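Scroll down for the structure; my scribbles are underneath it.
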Amino acid sequence: MLYITLDNGYVHVDGDTVAVIAGDETKGRFPGHLLESIVCFGNTTVSTPLIAYCGERGISLAFFSQFGRFMGRVEGPVRGNVLLRTRQYAVMGDETLSTSIASAIVLAKIANCRSILLRAARESGEKRQQQASRLHDTAAKLGTLAELITDTTSLDTIRGVEGIAAQTYFSVFQDMIRGNTEVFDFRGRSRRPPLDPVNAVLSFLYALLAHDYRSALEGVGLDPYAGFLHVLRPGRPSLALDMMEELRAPLCDRLALSLINLRMLSETDFAATP
């Protein structure tokens, strides 16, 4: 995957390589056959031949604002075969199978959230015993919620438990933040728009993960809009959102916490530019 973060950068295809230019300087050349996705941030310009090149070779080309808001993407021909998607839709219509898939997704998500909490509790140290205790207690609550999932065959119940588990997990997210807590003060999950720097980082990472999953699903011929856990809505890539649930905590949340706790992010990173 190639991320373009240059302000007013220009990306074009040169032979079988993708070239990135800023002003009169070539910043890099990347072999096209090694790329699966190109993600452009801010005022990045791409050439028409590059768009055609990406479409022909199945390279996903996506555009985000400078603050990480998804703007759009360029897609080539739909790959896969009709039989695979027909089977996908048939499984969606089978209540037993679709409920089993949704259950597995939520159980995996809860298990990974518990791992993040327990790891943070171990890393808390002697000066943060109160936070460590809350993290242990919350991990235990998530374990109890997981038991409810295994005992139900109702998709609505699974969705309800998933929502409660997410709220429970984020209720102690601040306890895992150890540095610069005045700036990174997390009061709860907020979206569209994220209301604080922590939510901004999480939303940004989640958007990248959703993009990767959507591209991967399309690459194997599945319909990213036809999911099992998330309610189907026009324009919502429900299956991509389903698949990424398991990896939100270990990939996105853990990375966000590392960036904050290692002081790799500061208040200036969230200042609006004119």
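For clarity, every value in this text was computed on a predicted model and none was experimentally measured. Throughout, residue positions are numbered sequentially from 1 according to the sequence presented.
- Rounding to the nearest 0.5 Å gives a distance of 11.5 Å between OG of Ser100 and CG of Leu155.
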- Message: Is there a side chain to side chain contact (heavy atoms under 4.5 Å, CB included) between Glu245 and His230? Walk through the geometry before answering.
- Response: CA-CA 10 Å; Glu245 287 295 342; His230 288 82; 3.1 Å; yes
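- Hydrophobic clustering, with ILVMFWY side chains joined whenever heavy atoms are under 4.5 angstrom apart, keeps Tyr225 apart from Leu209.
- Taking hydrophobic clusters as Ile, Leu, Val, Met, Phe, Trp and Tyr residues chained together by side-chain heavy-atom distances below 4.5 Å, Leu34 does not share a cluster with Leu61.
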- Task: Step by step, work out the side chain to side chain contact (heavy atoms under 4.5 Å, CB included) result for Ile260 and Val198.
- Result: CA-CA 8 Å; Ile260 294 170; Val198 178; 4.1 Å; yes
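- No more than 12 heavy atoms of other residues, nucleotides or ligands shown are found within 6.0 angstrom of CZ on Arg87.
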For residues 44-51, which side-chain donor-acceptor pairs fall under 3.5 Å, sequence neighbours excluded?
unit_1	atom_1	unit_2	atom_2	d
Thr44	OG1	Phe41	O	2.9
Ser47	OG	Leu50	N	3.2

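- Ion pair Lys109/Glu246 not flagged as a salt bridge, since none of the NZ, NE, NH1 or NH2 atoms sits closer than 4.0 Å to an Asp/Glu carboxylate oxygen.
- A salt bridge links Asp156 with Arg159: the distance from a Lys NZ or Arg NE/NH1/NH2 to an Asp or Glu carboxylate oxygen falls below 4.0 Å.
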- Message: With side-chain hydrogen bond (donor to acceptor under 3.5 Å, both in side chains) as the criterion, how do Asp253 and Tyr169 come out once you've worked through the C-alpha distance, each side chain's angles and the decisive distance to 0.1 Å?
- Response: CA-CA 11 Å; Asp253 298 356; Tyr169 168 73; 2.8 Å; yes
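- Between Arg233 and Ser238 the shortest heavy-atom distance is N-OG, 4.4 Å.
- From Glu25, atom CD reaches atom CD1 of Ile21 across 10.0 Å, with rounding to the nearest 0.5 Å.
- With rounding to the nearest 0.5 angstrom, the CD1 atom of Ile149 is 12.5 Å from the OG1 atom of Thr144.
- Among all heavy-atom pairs drawn from Ala139 and Leu118, the shortest one is CB-CD2, 3.8 Å.
- Ile59 and Gly32 get closest at one heavy-atom pair: CD1-O, 3.7 Å.
- The pair Arg187-Asp185 counts as a salt bridge, with a side-chain nitrogen and a carboxylate oxygen less than 4.0 angstrom apart.
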- Val39 and Leu2: CA distance, side-chain angles, deciding distance, side chain to side chain contact (heavy atoms under 4.5 Å, CB included) verdict: CA-CA 6 Å; Val39 181; Leu2 175 62; over 6 Å; no
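- Residues Met92 and Phe228 form a side-chain contact, since some pair of their non-hydrogen atoms from C-beta on lies under 4.5 Å apart.
- A distance-only check finds a donor-acceptor pair linking the side chain of Asp242 to the backbone of Leu229 [under 3.5 Å].
- Nearest heavy atoms, Leu241 versus Ala210: CD2-CB, 4.4 Å.
- The pair Glu123-Arg254 counts as a salt bridge, with a side-chain nitrogen and a carboxylate oxygen less than 4.0 angstrom apart.
- Put simply, the side chain of Arg178 does not reach to within 4.5 Å of the side chain of Leu257, judged on heavy atoms.
- Considering CD1 of Ile164 and CG of Leu142, their distance stands at 11.0 Å, rounded to 0.5 Å.
- The main-chain N or O of Phe184 is found under 3.5 Å from a side-chain atom of Gln174 such that the two form a donor-acceptor pair.
- Remark: side-chain polar atoms of Thr99 are paired, donor with acceptor, to backbone N or O of Glu95 under 3.5 angstrom.
- In this structure, the side chain of Thr150 engages the main chain of Glu147 through a donor-acceptor pair within 3.5 Å.
- The two residues Val91 and Ser98 have their closest heavy-atom pair at O-CB, 3.8 Å.
- Without hydrogens or angle criteria, Thr26 side chain to Gly28 main chain gives no donor-acceptor distance under 3.5 Å.
- A distance of 10.0 Å separates CG in Leu202 from CG in Leu255, rounded to the nearest 0.5 Å.
- Cluster membership for Val231 and Tyr213, using ILVMFWY side-chain heavy atoms within less than 4.5 angstrom, is not shared.
- The two residues Cys54 and Ile38 have their closest heavy-atom pair at SG-CD1, 3.9 Å.
- Within the 4.5 Å cutoff, no side-chain heavy atoms of Ser154 are placed close to those of Ile158.
- Leu195 and Phe204 sit in two unconnected hydrophobic clusters of ILVMFWY residues. Membership requires side-chain heavy atoms under 4.5 Å apart, directly or through other members.
- Around the CE atom of Met243, the shell of radius 6.0 Å holds no more than 12 heavy atoms that belong to other residues, nucleotides or ligands.
- By the 4.5 Å heavy-atom criterion applied to side chains, Leu148 and Thr157 are not counted as neighbours.
- Both the sub-6.0 Å distance and the 45° axial angle are satisfied by Arg248 relative to the ring of Tyr206.
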- Query: Asp223 and Leu239: side chain to side chain contact (heavy atoms under 4.5 Å, CB included), yes or no, with the steps?
  - Reply: CA-CA 7 Å; Asp223 185 346; Leu239 184 57; over 6 Å; no
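- Using modelled atom types, one finds no donor on one side chain facing an acceptor on the other under 3.5 Å when comparing Arg191 with Asn199.
- Cluster annotation: Ile177 and Met264 are assigned to the same hydrophobic cluster (Ile/Leu/Val/Met/Phe/Trp/Tyr, side-chain heavy-atom contacts under 4.5 Å, transitive).
- Distance check, rounded to the nearest 0.5 Å: CD1 of Ile4 to SG of Cys40 gives 5.5 Å.
- Panel note: side chain Asp196, backbone Val183; no donor-acceptor pair is recorded below 3.5 Å.
- Sorted by first and then second residue, the side chain to side chain donor-acceptor pair (under 3.5 Å) pairs involving residues 8-17 (not counting sequence neighbours) are Asp14-Arg29, Asp16-Tyr53.
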